[in-house]
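Questions regarding the structure given below will be posed in turn.
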Number of protein chains: 2
Amino acid sequence: MAEARARGRPRGFDEGRALDAAVRLFRAEGYDGAPVDRLCREMRVPRATLYDLFGGKEGLFLAAVARYADTRIAPVLAALGPSGTLRDDLAAFYDAVLALATADPEAPGCLVSCALADAAGSNTGFRAELAARYAAMEGRIAARLMAAGWDVQAATPPQAAAALAASIARGLMLAARSGTEAAQLRPTAEAAVGALLALHPEGAPGHG
Amino acid sequence: MAEARARGRPRGFDEGRALDAAVRLFRAEGYDGAPVDRLCREMRVPRATLYDLFGGKEGLFLAAVARYADTRIAPVLAALGPSGTLRDDLAAFYDAVLALATADPEAPGCLVSCALADAAGSNTGFRAELAARYAAMEGRIAARLMAAGWDVQAATPPQAAAALAASIARGLMLAARSGTEAAQLRPTAEAAVGALLALHPEGAPGHG
DNA sequence: TCTATTTCAGAACATTCGTTCCGTAAATTG
DNA sequence: CAATTTACGGAACGAATGTTCTGAAATAGA
């Protein structure tokens, strides 16, 4: 099943690793703060090829966001399971959030909730992308809550609880951005789990 | 007690209103996205005067953040009271958060949690500023919780609950940034109040 | 080997950026 | 009125920006 060799000159870089480098730079410097020149150098992608592949800086940024979602956010959502009790899965979720937020000590925080959120101010396309990413995360959390028997007609419906859970995750990302260590954030994450479970109509924790 | 008139030519602008314009532009476009030229024009401040007053773009940005904190964030914190039950004050607090987040429909969100958080990636001074602003808010919330009799030695100490409450506020700011209307955010804010109160060791709501 | 196709390396482009500087305008002090 | 002090308006600077272009390099098919 090996891909047939492309026709022209082969690329001297791996697209996935190149996008990883773009993610790193955009996350550290922001959209406006990351010059195309540096992006090309650290991605090891020639300018001409970059424009052929992504159309321009905006396209590259969106591609980097997609790469980030696929490789960094997806595992965080996967921690939701269901693979244990709701309490266990929520705790694992916030552990993964903290791990992601503090993964790069030089530039903590989240590409979506820092760089993309900032760039969304003036660029409507970026704002739509931000809304879509947020909606996806909230939908995934709501599904997990409903799998735990969270009644859609509860005083706090699963969608509202999911939006709250997602807001907390974003808030933690920002706290990490300010330099707060993961260890200092853990009590907040634990409080978050307890507070969310308290909204559960089934009352007692421990539901699959 | 009227101020003695200054010695030289009087300024043709009001510094407070000028900073308000800077806040507007920085919030909409971000730090890197707001050119000094446009800042001068919309602030109605000459370039030379701007550099005399603030030293440069970084100084102006920090001054804008301070102005924003004094005029926009302070009222939000003031809503915490204590002026009613803890539930009432927390509800008023999140109402004020939503009002601030959606104040400018063209560029929703928070100057601190969007522009400053993004710029904090590469600028250590900005990161320290971000940390200080966050710490101030959390301290203020923790004080309110302790005024409600929240035991420092509780399972969830007031500092952790305050950090959680602040994280939720930041998450709501980001949700607004993505274009979500205040009306759609209100259920999340209500859920936040309920979830936080559930952590209160005194158990029953309604404490002053 | 010759052609077609794709990628590469770097120069070149017009803008835009943050900052500095200079001469002029408008006020207070003596 | 002179002298001083502060603010204004705009030109000017070098550096950096996103993008485009040109020709050479490297591969596959004929």
*asked:* Assuming nearest nucleotide by heavy-atom distance, tell me which of B:V45 and A:A48 is located more 5' along DNA chain D.
replied: B:V45
_Once you measure the plane-to-plane angle for A:Y31 and A:F126, does it fall in the parallel (<30°), tilted (30-60°) or perpendicular (>60°) bin?_
perpendicular
*Which one, D:dT20, D:dA11, D:dT5, comes nearest to the side chain of B:R47?*
D:dA11
*Among residues two or more places apart or on two chains, list those pairs meeting salt bridge (Lys or Arg N to Asp or Glu O under 4.0 Å) that have a residue in residues 176-195 of chain A.*
A:D95-A:R186
*Where do B:R144 and B:G84 come nearest, in terms of heavy atoms and distance?*
NH2-O, 3.3 Å
_Quick check for you: among C:dT7, D:dC8, C:dT20, whose closest atom lies nearest to any side-chain atom of A:R11?_
C:dT7
*D:dA7 C1' sits how many Å from B:L53 CG, rounded?*
10 Å
*Within this structure, what is the CG-to-P distance between A:L39 and D:dT19, rounded to whole angstrom?*
11 Å
*Considering only heavy atoms, which members of residues 114-122 of chain B lie under 4.0 Å from some atom of DNA chain C?*
none
*Is it the case that more than 12 heavy atoms not belonging to A:R72 sit under 6.0 Å from its CZ atom?*
no
*asked:* Could you tell me how far apart B:Y51 (OH) and C:dT19 (C1') are, to the nearest whole angstrom?
replied: 5 Å
*Over-ring placement of B:R140 relative to B:F93, 6.0 Å and 45° cut-offs*: no
*asked:* Rounded to whole Å, please give me the gap between CZ in A:R7 and P in D:dT27.
replied: 15 Å
*Note down the inter-axis angle between the two ends of the helix from C:dT1-D:dA30 to C:dG30-D:dC1, five pairs each, to the nearest 10°.*
0°
*Measure from the side-chain heavy atoms of B:P10 and tell me the nearest of C:dA4, C:dA26, C:dC8.*
C:dA26
_Rounded distance (Å) that lies between atom P of C:dT6 and atom CG of A:L50_ = 18 Å
*With the side chain of B:P46 defined as its heavy atoms from C-beta on, choose the nearest nucleotide among C:dA4, D:dG9, D:dT19.*
D:dG9
*Length of the CZ-P vector between B:F54 and D:dA7, whole Å*: 12 Å
*Less than 6.0 Å separating the ring centroids of A:Y68 and A:F26?*
no
*Within this structure, what is the CG-to-C1' distance between B:D52 and C:dC22, rounded to whole angstrom?*
13 Å
*Verify the distance criterion only: is there a donor paired with an acceptor across the side chains of B:S83 and B:D89 at less than 3.5 Å?*
yes
*Is any N or O donor-acceptor pair between the side chain of B:R9 and the base of C:dA25 shorter than 3.5 Å?*
yes
_Run B:S113 and B:Y134 through side chain to side chain donor-acceptor pair (under 3.5 Å) and show every step you take._
CA-CA 9 Å; B:S113 288; B:Y134 279 175; 2.9 Å; yes
_Under 6.0 Å between ring centres: does that hold for A:F54 and A:F61?_
no
*In residues 14-36 of chain B, what residues come within less than 4.0 Å of DNA chain C, judged by heavy atoms?*
B:A34, B:P35, B:V36
*Cut-off 3.5 Å, side chains only: do A:T49 and A:D52 have a donor facing an acceptor?*
no
*Not counting sequence neighbours, which residues clear side chain to side chain contact (heavy atoms under 4.5 Å, CB included) with A:A79? List them please.*
A:A92, A:A96
*Could you give the CZ-to-P distance, from B:R44 to D:dG10, as a whole number of Å?*
14 Å
Can you give the donor-acceptor pairs under 3.5 Å from side chains of residues 156-169 of chain A to other protein atoms, not counting sequence neighbours?
| from | atom 1 | to | atom 2 | distance (Å) |
| --- | --- | --- | --- | --- |
| A:S167 | OG | A:A163 | O | 3.0 |

_Counting only side-chain nitrogens and oxygens, does A:T49 get under 4.0 Å of the OP1 or OP2 atom of C:dT7?_
no
